[in-house]
Amino acid sequence: MKYSVYLFDFDYTLVDSEEGIVGCYHRTINELGYEKCSDDILKSTIALTMHDAVAKVTGSDDEAEIARFIDCYRRYADIYMTPGTTFYPDAIPTIRTLCSRGAKAAIISTKTRHRIQEKLDADGVSDLFEFVIGVDDVKSPKPAPDGINLAAERLLVPKSSILYVGDNPVDAGAAKNAGVSFAAVTTGTTPRETFMSMPHIAIMKNLLELIDIR
C-alpha cells in the first residue's frame, strides 16, 4: 500500500454540514439584524476560518463586531451544528476499509476540534481516527502546512507515506506546502476543473475511490 496515513479535511470532505452551517448563519444574521445573505455565499465560506468567514458574510472588518457575531453563531451551533451535519454515505465504509488494511486516519480542519469531536462521538466513530487537529490547534490555518506537519510529527511517519484528502483549493495548498500528496474530492463547492492545475494524484467524485489508490 503506497500510503499508510490518510489525513482528511472535514466539511464537504467527510461530511455534508450545509444544513448546520447555513442554518446557524441565517439564525445569527436574523438575530443581529444583518441583511439576508444567499445560501451560495454562506456555503462559499465553509473552507475559511470562522473569523474570515464572518468578515466575508458581514462585510465588516471591525474585530469587536466580528467577535459579537461569532459568539452569537456559536450559541446556535451548540444546538444545531451536530444534528445538521451528516457523514457522506461512503465516508465511514471507506475509512473502515483503509484501516482494515493497516492504514491510519486523522482529521485536519479549519473547524474547531471540539465541534468535530462532538460529531464523531455522536455517531460512534471516534475510534476510526487517531486524532483531530482543528483550527485551534495550529498557529496558522490552511493553506499553511501546520496541521499536516503536526500530524506527521505525532504519527512519526515520513511525509511520503501521507495522503491528504480535501474538497477545496486551500486543502491542495496545505498539502503542497507540507510536501505531501493530495487527492481532491468534488463533494464540495469546488469543480473538478479548478483542481486540474494544482498538484494532485487524483480528483475523485467520492471517497470510495480512495480504496483503489495504491
Decide yes or no for Y3 and S181: does some side-chain heavy atom of the first lie under 4.5 Å from some side-chain heavy atom of the second? yes
From T110 OG1 over to D136 CG, what is the distance, rounded to the nearest 0.5 angstrom? 11.0 Å
From L150 CG over to L155 CG, what is the distance, rounded to the nearest 0.5 angstrom? 9.0 Å
If the plane angle is over 60° it's perpendicular, under 30° parallel, otherwise tilted; pick one for F8 and F129. perpendicular
Any donor-acceptor N or O pair under 3.5 Å, side chains S44, K56: yes
Atom pair CD (E19) and CD1 (I21), whose distance is rounded to the nearest 0.5 Å: 11.0 Å
Is I201 close to I213 at the side-chain level, that is, under 4.5 Å between some pair of heavy atoms? yes
According to the salt bridge (charged side-chain N to carboxylate O under 4.0 Å, His left out) rule, which pairs have a member within residues 170-196, sequence neighbours left out? K142-D171
Apart from V135 itself, its cluster of hydrophobic side chains linked below 4.5 Å comprises none
By side-chain hydrogen bond (donor to acceptor under 3.5 Å, both in side chains) - contacts of D78 (at least two apart): R115
Using the test side-chain hydrogen bond (donor to acceptor under 3.5 Å, both in side chains), find all partners of K205 that sit at least two apart in sequence or belong to another chain. none
Applying the 4.5 Å side-chain criterion to the ILVMFWY set and letting contacts propagate, would Y6 and L207 be lumped into a single cluster? yes
I'd like to know whether CD of E63 has more than 12 heavy-atom contacts from other residues, nucleotides or ligands below 6.0 angstrom. yes
Examine Y12 and I133 and state if one hydrophobic cluster contains both, with Ile, Leu, Val, Met, Phe, Trp and Tyr joined whenever side-chain heavy atoms are less than 4.5 Å apart. no
Full working for side chain to side chain contact (heavy atoms under 4.5 Å, CB included) between V185 and Y88: CA-CA 12 Å; V185 61; Y88 289 117; over 6 Å; no
Shared ILVMFWY cluster between L32 and Y25, side chains joined below 4.5 angstrom? yes
Listed by chain and number, what are the ring pair (Phe, Tyr, Trp, His ring centres under 6.0 Å) partners of F69, not counting sequence neighbours? Y34
Got a second to check how far I148's CD1 is from I162's CD1, nearest 0.5 Å? 7.5 Å
Separation between CD (E118) and CE (M81), nearest 0.5 Å, reads 9.5 Å
Over 60° means perpendicular and under 30° means parallel, so classify the ring planes of F182 and F195, tilted if in between. tilted
Using the salt bridge (Lys or Arg N to Asp or Glu O under 4.0 Å) criterion, which residues pair with E65? Sequence neighbours excluded. R68
Side chains of I46 and F10: does their closest heavy-atom pair fall under 4.5 Å? no
V22 and H26, any side-chain heavy atoms less than 4.5 Å apart: yes
Would you compute the distance between atom CD1 of I29 and atom OG1 of T58 and round it to the nearest 0.5 angstrom? 9.0 Å
Cluster question for you: counting only ILVMFWY and a side-chain heavy-atom cut-off of under 4.5 Å, with indirect links fine, are F131 and V5 together? yes
Contacts of D123 meeting salt bridge (Lys or Arg N to Asp or Glu O under 4.0 Å) (sequence neighbours excluded), chain-then-number -> K119
Please check if atom CG in D61 has more than 12 non-hydrogen atoms from other residues, nucleotides or ligands closer than 6.0 Å. no
Residues forming a salt bridge (Lys or Arg N to Asp or Glu O under 4.0 Å) with D137, sequence neighbours excluded: R113
Quick one: ring pair (Phe, Tyr, Trp, His ring centres under 6.0 Å) partners of Y80, sequence neighbours excluded? none
Please list, chain by chain and in numerical order, all residues satisfying salt bridge (Lys or Arg N to Asp or Glu O under 4.0 Å) with D39, sequence neighbours excluded. none
Student check: side-chain heavy atoms of M204 and L210 closer than 4.5 Å: yes
If you look only at pairs with a residue in residues 152-168, which of them pass as a salt bridge (charged side-chain N to carboxylate O under 4.0 Å, His left out), with sequence neighbours excluded? none
Holding to side-chain hydrogen bond (donor to acceptor under 3.5 Å, both in side chains), I want the full list of residues that pass it with S126, two or more places apart in sequence or in another chain. Q117, D121
L14 side chain reached by I95 side chain, heavy atoms, under 4.5 Å: yes
